[in-house]
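Worksheet: the structure to be examined is printed underneath.
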Amino acid sequence: MWEVVKSVLAAFLGVQREQQRLKDFEKGNPVAFIVVGIVMGAVLVGLIVLVASLAAG
């Protein structure tokens with residue numbers, strides 16, 4: 001599972017290697033990538049909301 005999280009985080013930041021991306025598409029479980037992507041997206045939105053509310057408050 002750590003490999004999936006690491007790969008999704010690298011993709012979020014735009015620093016994922018082409019070789020790793022191809023490996024993910026060939027051998028990875030798409031459901032795991034989707035779930036981790038949704039969770040990481042929700043965490044990102046939550047952090048943005050938290051920072052904005054602290055800055056406004």
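Reckoned from all heavy atoms, side chains included, excluding hydrogens, waters and symmetry mates.
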Problem set entry | Side chains of Asp24 and Gln16 in contact at under 4.5 Å (non-hydrogen atoms) |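 Yes, their side chains come closer than 4.5 Å.
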Do [X] and [Y] sit in the same hydrophobic cluster, where Ile, Leu, Val, Met, Phe, Trp and Tyr count as joined when their side-chain heavy atoms come under 4.5 Å apart?
{"X": "Val15", "Y": "Phe12", "value": "yes"}
{"X": "Ile34", "Y": "Val8", "value": "no"}
{"X": "Leu13", "Y": "Ile38", "value": "no"}
{"X": "Val39", "Y": "Leu9", "value": "no"}
{"X": "Trp2", "Y": "Met40", "value": "yes"}

Exercise. Distance-only, no hydrogens or angles: does the Ser7 side chain make a donor-acceptor pair with backbone N or O of Glu3 under 3.5 Å?
Worked result: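 No: the side chain of Ser7 does not pair with the backbone of Glu3.
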Exercise. Between Glu26 and Lys23, is the closest basic N to carboxylate O distance under 4.0 Å?
Worked result: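 Looking at Lys23 and Glu26, the cut-off is not met.
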Problem set entry | Reference residue Leu47; test side chain to side chain contact (heavy atoms under 4.5 Å, CB included); the match among Val45, Val49, Val43 |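 It is Val43; the other options fail the test.
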Exercise. In terms of heavy-atom contacts, does CD of Glu18 have more than 12 from other residues, nucleotides or ligands at under 6.0 Å?
Worked result: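 Check passes, neighbour count above 12.
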